[in-house]
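Whatever order the structure lists them in is the order used to number ligands and atoms, beginning at 1.
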Amino acid sequence: MFTNRIVFNTFKAVRSNVLFCAGESSPIFKRCGHCQATRGPSYSQLQTSDVEWFKRCLGESNVVTDVERLKSFNRDWMKKYQGHSQLLLRPKTTQHVSEVLAYCNERSLPIVPQGGNTGLVGGGVPVFDEIILSTQGMTRILSFEESSGALVAEAGCVLQALDDHVTGHGYIMPLDLGAKGSCCIGGNVSTNAGGLRLLRYGSLHGSVLGLEVVMADGTILDLLKTLRKDNTGYDLKQLFIGAEGTLGVITAVAIQCAPRPASVQSVFLACPSFEAVTKVLGTAKTMLAEILSAAEFLDQHCMRVVEEQLEGVSNPLTDSGTCTAASAAVAAAPGSEGTNKGPACTDSNTTTGCSTSSFASTFDPDNAASSSSSASLQLPPRFYMVIETHGSHEAHDVEKLDAFLEAVMSEGHVLDGCVATSKAQSDSMWHIREVIAEACGRAGSVYKYDVSLPVQVMYQLVEAVQQRLASQLPHRQDILTLGYGHVGDGNLHLNVSVPSGYSQEVQEVLEPFIYEWIQGHSGSISAEHGIGLMKAGALTYSKSLKAIQVMSSIKSMLDPKGIINPYKVVYKQQA
Ligand code: FAD
Ligand code: MLT
Ligand code: ZN
């Protein structure tokens, strides 16, 4: 294994003082396999003198050149994108970020901002040899206003850590993602992450109160207000929310937290068709109304892959799971049991489901579904939903939930279901939904499409892709196409998992077919994951040329030398 010193010596012997590991496999002269970009000709090569300067600025321990340590920062979460950076910087303060950017701008050294590296569109990893600027050393919580719920934290704070912090003050973060244990708030804001609570608490464009951003030339832009209202001209912070690190480096975030709900009710439902899912959603919106906080769906393929790939995770509505139809007859009177009051789950601290006996349902499909079609009850469920309410009065919420369940069951839209009667049971329901991404990744290399579409046509895209793969690649029976997502927000996650790995053959069947389909149905090619590297060439399917021109002008104005996260979002190949 090369040590830093040997790498330095090697390059010195090969090509004066250019740090890059020269040789046939040097990536810097190659095209990016994903966007066909070539390394920007105006960018400088990293020199030893640069590395020495960064060490003096940040301290030796915050400058990483060790090839082994760089590996996980060069590779994205899906293992789809591979960067070739030779340098990772870990600034600890905004001042450090500012000095680093001023230096890089002066030297024309490109950088890629990185938080938890959980992004799903290749936005947070280098394409060629960009310097990785990690915010993981910036983890201070700067303030929390008890009366308003305004939290101010440095960009590298992990979402889960922030949620834990504000829990102690009676609040919750306005966003929740399956990646909460590793993603950072700066990355969340930069991707304008949506997640599992957006339906209730809105997008980050609403809940972010202020930002501190370091611009390409090192200027610190202080927009770190904690006010709810501030109409003082252009709302500059909005530019950086969802900019995917192409306009500046976010160093701190002020965000509005929501009061922690006193009553949380979660249900897991089985539906016979996607049409039924849309009907359940419609009924939830009208009957649960102001307390509806999450409406998620997954298809039967997701359930299968989760059960197959992850030990201990099982369908709560089957015998092997936690809540069989047979056991679903523990009819509690409205208000009698809340999420936090039910019997303790035997497995509360694990990622598995609870034992069957401890997971009581509070409604009985056979009794409740008095007018449901017996034919539909005999069909195997093709879809599942997780629905959650957040409210302040348990009896009120349970009463509403019971009425809602009765309605959707009597109409035949729900075949079966269970209600969590403890926090552990609720967690294990959510776990099934949250680990789909991980399970798909274990089953194969995943082509991920994160799509906004009118809810009525949403699942037709999954079926269209299934049909297309079957007709174009009939010999590829191993490919798994599945759909899940934030149905309450009109956001589908279409995943195509290929056990034999990423291939041009599969990609060409999927693209541009999927993008054209989305465009033809008035959707968006990115609901919440962003554009990154993956969709930089596909932006025209969702944005007009004029809009892209304006975006490019903003990029050129804020980052004239194009040093921040090149090749991503609106990258224009330099001549
Ligand atoms: P990174 O991956 O490190 O970076 C993402 C982008 O932001 C990159 O373009 C990077 O350059 C930029 N960036 C990072 N930090 C900064 C900064 N401080 N300043 C400027 N730019 C920066 N997304 C959703 O929207 N909803 C979900 O429900 C959801 N669930 C997920 C579940 C799993 C299991 C995984 C792996 C991902 C999920 N995601 C989801 C993807 C989502 O984009 C990320 O999880 C998260 O928002 C990215 O945060 P991060 O710190 O990991 O950012
Ligand atoms: C999710 O909702 O689970 C995430 O956005 C991750 C994914 O799309 O797989
Ligand atoms: Zn999502």
Is it true that Arg304 and Glu307 have a side-chain N and a carboxylate O under 4.0 angstrom from each other?
-> no
From Leu120, Val214, Ile185 - option closest to atom 39 (N) of ligand 1 by heavy atom = Leu120
Hey, does the side chain of Gln265 reach the backbone of Thr389 with a donor-acceptor pair shorter than 3.5 angstrom?
-> no
Fit a plane to each ring of His493 and His529, take the angle between them on a 0 to 90° scale, and name the class: parallel (under 30°), tilted (30 to 60°) or perpendicular (over 60°).
-> parallel
Measure from atom 12 (C) of ligand 1 to every heavy atom in Ser190, Gly116, Ala437, Ser203 and give the option owning the shortest one.
-> Ser190
At a 4.0 angstrom heavy-atom cut-off, ligand 2 is contacted by Leu120, Arg433, Ala437, Lys448, Tyr484, His486, His493, Glu528, His529
Nearest heavy atom to atom 8 (C) of ligand 1 wins, so pick from Gly194, Gly119, Ala243, Gly123.
-> Gly123
Whether Phe297 and Phe383 hold their rings parallel, tilted or perpendicular, with breakpoints at 30° and 60° | tilted
Could you give me the CA-CA distance, side-chain angles and deciding distance for His521 and Gln460, then say whether side-chain hydrogen bond (donor to acceptor under 3.5 Å, both in side chains) is met?
-> CA-CA 10 Å; His521 291 81; Gln460 287 172 23; 4.7 Å; no
Could you walk me through whether Cys104 and Phe54 pass the side chain to side chain contact (heavy atoms under 4.5 Å, CB included) test, one step at a time?
-> CA-CA 10 Å; Cys104 289; Phe54 290 125; 3.8 Å; yes
Considering only NZ, NE, NH1 and NH2 on the basic side and carboxylate oxygens on the acidic side, decide whether Glu244 and Lys568 come within less than 4.0 Å.
-> no
of all protein heavy atoms, closest to atom 1 (P) of ligand 1 is Asn117 N, 3.6 Å
Return a yes/no value for Glu528: is any of its N or O atoms, backbone included, closer than 3.5 angstrom to an N or O of ligand 1?
-> yes
Is the backbone N or O of Thr246 less than 3.5 Å from a side-chain atom of Lys555, with the two atoms forming a donor-acceptor pair by type?
-> yes
Kindly determine whether Lys92 and Met138 satisfy side chain to side chain contact (heavy atoms under 4.5 Å, CB included), including the steps that lead there.
-> CA-CA 5 Å; Lys92 289 248 156 56; Met138 303 179 68; 5.5 Å; no
Distance filter under 2.8 Å, centred on the Zn ion (ligand 3) - protein N, O or S atoms that pass it | His486 NE2, His493 NE2, Glu528 OE2
Best match, Cys440, Gly181, Gly124, Gly115: closest heavy atom to atom 3 (O) of ligand 1 = Gly115
Beyond-backbone contact of Glu528 with Asn491, side-chain heavy atoms, under 4.5 angstrom = yes
Answer side chain, backbone, both or neither: which part of His486 comes under 4.0 Å from ligand 1, heavy atoms only.
-> side chain
Is there a donor-acceptor pair closer than 3.5 Å between any side-chain N or O of Lys535 and the backbone N or O of Ser526?
-> no
Please confirm whether the backbone N or O of Gly124 pairs with a side-chain atom of Tyr81, one donor and one acceptor, at under 3.5 Å?
-> no
Could you tell me whether some N/O pair between Ala193 and ligand 1 is separated by less than 3.5 angstrom?
-> no
Under 3.5 Å donor-acceptor, Arg107 side chain and Ser44 backbone = no
protein heavy-atom neighbour closest to atom 37 (C) of ligand 1 works out as Thr118 O, 3.3 Å
To which protein heavy atom is atom 35 (C) of ligand 1 closest, and what is the distance rounded to 0.1 Å?
-> Ala179 CB, 3.5 Å
Check: Asp163 side chain, Met173 main-chain N or O, donor-acceptor pair, under 3.5 Å = yes
Should we count CD of Glu106 as having more than 12 external heavy atoms under 6.0 Å?
-> no
Protein contact of atom 5 (C) of ligand 1 - nearest heavy atom, named by residue and atom, plus distance = Thr191 CG2, 3.6 Å
For ligand 1, is any non-hydrogen atom under 4.0 Å from His529's backbone (N, CA, C, O), its side chain (CB onward), both, or neither?
-> side chain
Nearest to atom 14 (C) of ligand 1 by heavy atom, Cys183, Gly178, Ala527, Gly187: which?
-> Gly187
Polar-atom distance check: Ser182 versus ligand 1, any N or O pair below 3.5 Å?
-> no
Decide yes or no on side-chain hydrogen bond (donor to acceptor under 3.5 Å, both in side chains) for His84 and Gln82, but give the supporting numbers first.
-> CA-CA 7 Å; His84 304 277; Gln82 177 66 57; 5.3 Å; no
Sequence neighbours excluded, which residues qualify as side chain to side chain donor-acceptor pair (under 3.5 Å) partners of Thr251?
-> Glu212
Mind checking whether Asn188 contacts ligand 1 via backbone (N, CA, C, O), side chain (CB onward), both or neither, at a 4.0 Å heavy-atom cut-off?
-> both
What is the nearest protein non-hydrogen atom to atom 10 (C) of ligand 1, stated with its residue, atom name and distance?
-> Pro113 O, 3.1 Å
Residue, atom and distance of the protein heavy atom nearest atom 28 (O) of ligand 1 read Gly195 CA, 3.3 Å
Not counting sequence neighbours, which residues clear side chain to side chain donor-acceptor pair (under 3.5 Å) with Tyr447? List them please.
-> none
Checking His301 side chain against Gly483 main chain: does a donor-acceptor pair fall under 3.5 Å?
-> no
Is it the side chain, the backbone, both or neither of Leu196 that has a heavy atom closer than 4.0 Å to ligand 1?
-> neither
Min N/O separation Ile250 to ligand 1 under 3.5 Å | yes
Does the N or O separation between Glu244 and ligand 1 drop below 3.5 Å for any pair?
-> yes
